[in-house]
Visitor: 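Just dropping this structure here.
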Amino acid sequence: MSTCDPLEGGAALTPLDRELYRGDTVEVARRLLNCLLVHETDAGTIVGRIAETEAYTQDDPACHAFRGMTRRNSPMFGPPGHAYVYFTYGMHYCFNAVTGPEGVGEAVLIRAVEPIEGWELMSRHRGLPEEEIKRLTASLEDPVKRVRLARKLCGGPGKLCQAFDLGGAANGTDLTCPGSLWIGGMPNPEAFPVPKICSTRRIGIRLNVDAPWRFTLRDDPYTSR
DNA sequence: ATCTCGATAGTCT
DNA sequence: GACTATCGAGATC
């Protein structure tokens with residue numbers, strides 16, 4: 001079990017306010033931990049608790065926006081609170097939340113989530129055989145099996161995009177509007193103890209490798225790598 | 001558990 | 001033409 005059940009109490013979940021995204025990008029990356037990523041699709045709703053983030057600021061050589069605006073990175077320069085979904089390595093998508101004021105090219109990469117709702121749908125999107133899906137989703141009571149499947153489904157930026165069915169079509173989505181793709185805060189943040197936030201070096205980059213702008217929660221197993 | 005390696009295509013130089 | 005904010009399979013320990 002996670003340290004706190006984000007959906008406990010069934011309180012209405014509402015999107016985070018755009019003003020939150022407008023703030024300091026490193027601060028937003030910390031703030032997005034434990035928030036809920038929601039994708040309402042025709043086939044059903046998918047929800048994940050954000051377990052791992054990375055901050056990319058405009059003055060950072062590892063940031064796509066470091067050399068200015070291009071057609072690809074233009075969403076980063078748009079208003080905060082929108083999605084920046086890009087394609088990389090010829091096969092993967094990565095999902096970011098645009099941060100900072102309009103005109104500043106910054107974003108937070110979502111690297112891993114803990115599946116909360118829509119396990120079956122995620123498994124299907126990830127290409128697991130139907131029989132295996134039945135077997136695995138039937139044994140989620142077992143904490144070990146639960147974590148194992150969680151990391152298989154959403155334990156990495158490319159994996160979670162596939163599980164959530166996020167591709168080019170999701171690029172530019174306003175994350176503050178419920179109905180399709182959005183990020184919700186904890187129904188009642190004050191009711192839960194906030195675990196300690198850990199910061200480490202970011203993963204999979206070559207430039208500015210020493211900046212400690214990858215964030216996780218202490219003792220949270222639902223992370224990548 | 002930890003590693004190497006290949007696949008694959010959009011973007012920028 | 002070179003590079004990538006990656007993943008999974010297969011090898012090896």
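Residue numbering restarts at 1 for every chain, and letters A, B, ... go by the order of the sequence lines.
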Visitor: Which parts of residues 85-93 of chain A get close to DNA chain C, meaning a heavy atom less than 4.0 angstrom away?
Guide: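 The answer is A:Tyr86, A:Thr88, A:Tyr89, A:His92.
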Visitor: Just the endpoints, please: which first and last nucleotides of DNA chain B, 5' to 3', lie under 4.0 Å from a heavy atom of chain A?
Guide: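 The footprint of chain A covers B:dA7 to B:dT13.
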Visitor: Under the rule for ring pair (Phe, Tyr, Trp, His ring centres under 6.0 Å), what residues qualify as partners of A:Phe77, not counting sequence neighbours?
Guide: none
Visitor: Rounded to the nearest 0.5 Å, what's the gap from CG on A:Leu36 to CD1 on A:Ile50? Could you check?
Guide: 7.5 Å
Visitor: Around A:Glu141, counting heavy atoms of other residues, nucleotides and ligands shown, do more than 12 lie under 6.0 Å from its CD?
Guide: no
Visitor: Contacts to DNA chain B from residues 94-109 of chain A, heavy-atom cutoff under 4.0 Å, which residues?
Guide: none
Visitor: For A:Tyr86 and A:His64, run ring pair (Phe, Tyr, Trp, His ring centres under 6.0 Å): C-alpha distance rounded to whole Å, both residues' side-chain angles, the deciding distance at 0.1 Å, then the answer.
Guide: CA-CA 10 Å; A:Tyr86 66 86; A:His64 282 177; 4.6 Å; yes
Visitor: Checking A:Met122 against A:Ile46 for the side chain to side chain contact (heavy atoms under 4.5 Å, CB included) test, could you report, in this order, the C-alpha distance in whole Å, the side-chain angles of both residues, the deciding distance, and whether it holds?
Guide: CA-CA 7 Å; A:Met122 288 188 240; A:Ile46 302 173; 3.6 Å; yes
Visitor: Name the stems that DNA chain C belongs to, where each is three or more consecutive Watson-Crick or G-U pairs with both distances under 3.5 Å?
Guide: B:1-7 with C:6-12, B:9-12 with C:1-4
Visitor: I'd like to know if A:Arg135 and A:Glu131 make a salt bridge, using a cut-off of under 4.0 Å between side-chain N and carboxylate O.
Guide: no
Visitor: Which is the 5'-most and which the 3'-most nucleotide of DNA chain C that has an atom under 4.0 Å from a heavy atom of chain A?
Guide: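 So the outermost contacting nucleotides come out as C:dT4 to C:dG8.
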Visitor: Quick one: list whatever passes side chain to side chain contact (heavy atoms under 4.5 Å, CB included) with A:Pro61, sequence neighbours left out.
Guide: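 With neighbours one apart ignored, the set is A:Phe66, A:Leu207, A:Asn208.
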Visitor: Under the side chain to side chain contact (heavy atoms under 4.5 Å, CB included) test, which residues partner A:His92, sequence neighbours left out?
Guide: A:Thr88, A:Tyr89
Visitor: Is the side chain of A:Glu52 donor-acceptor paired with the backbone N or O of A:Arg111 at a distance under 3.5 Å, no angle test?
Guide: no
Visitor: Side chains of residues 160-174 of chain A: which donor-acceptor partners sit under 3.5 Å, not counting sequence neighbours?
Guide:
residue	atom	partner	partner atom	Å
A:Gln162	OE1	A:Arg126	NH1	2.5
A:Gln162	NE2	A:His125	O	3.4
A:Asn171	OD1	A:Val85	N	2.9
A:Thr173	OG1	A:Ala170	O	2.6
A:Asp174	OD1	A:Arg18	NH1	3.3
A:Asp174	OD1	A:Arg18	NH2	3.4
A:Asp174	OD1	A:Thr176	N	3.0
A:Asp174	OD1	A:Thr176	OG1	2.7
A:Asp174	OD2	A:Arg18	NH2	2.9

Visitor: Counting any heavy atom closer than 4.0 Å, what does A:Arg214 reach on the DNA or RNA strands: base, sugar-phosphate only, or nothing?
Guide: nothing
Visitor: State whether A:Arg146 and A:Glu114 are salt-bridged, where the test is any N-O pair (Lys NZ or Arg NE/NH1/NH2 against Asp/Glu carboxylate O) under 4.0 Å.
Guide: yes
Visitor: In a table with atom names and distances, give each donor-acceptor pair under 3.5 Å that connects a side chain of residues 20-28 of chain A to protein atoms at least two apart or in another chain.
Guide:
residue	atom	partner	partner atom	Å
A:Arg22	NE	A:Glu19	OE1	3.0
A:Arg22	NE	A:Glu19	OE2	3.4
A:Arg22	NH2	A:Glu19	OE2	3.0
A:Asp24	OD2	A:Val26	N	3.3
A:Asp24	OD2	A:Glu27	N	3.1
A:Thr25	OG1	A:Thr99	OG1	2.7
A:Thr25	OG1	A:Glu106	OE1	2.5

Visitor: What are the residues of residues 64-76 of chain A, sorted by number, that bring a heavy atom to within less than 4.0 Å of DNA chain B?
Guide: A:Arg67, A:Thr70, A:Arg72
Visitor: Take A:Lys159 and A:Leu153 through the test side chain to side chain contact (heavy atoms under 4.5 Å, CB included) and record every step on the way to the result.
Guide: CA-CA 6 Å; A:Lys159 295 191 218 179; A:Leu153 296 179; over 6 Å; no
Visitor: Quick check on the hydrophobic clustering: are A:Leu37 and A:Leu149 connected, directly or via other members, by side-chain heavy-atom contacts under 4.5 Å?
Guide: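 Same cluster: A:Leu37 reaches A:Leu149 through Ile, Leu, Val, Met, Phe, Trp or Tyr contacts under 4.5 Å.
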Visitor: Would you list the pairs meeting salt bridge (Lys or Arg N to Asp or Glu O under 4.0 Å) in which at least one residue belongs to residues 57-66 of chain A, sequence neighbours left out?
Guide: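 Applying salt bridge (Lys or Arg N to Asp or Glu O under 4.0 Å) to every pair that reaches into residues 57-66 of chain A, excluding sequence neighbours, yields A:Asp60-A:Arg202.
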Visitor: Distance check, rounded to the nearest 0.5 Å: A:Glu132 atom CD versus A:Thr137 atom OG1?
Guide: 10.5 Å
Visitor: Using heavy atoms to find the nearest nucleotide of DNA chain C for A:Gly158 and A:Arg206 separately, return the residue whose nucleotide is more 5′.
Guide: A:Arg206
Visitor: Before accepting this row, confirm whether a basic side-chain N of the pair A:Asp220/A:Arg49 lies closer than 4.0 Å to the acidic partner's carboxylate O.
Guide: yes
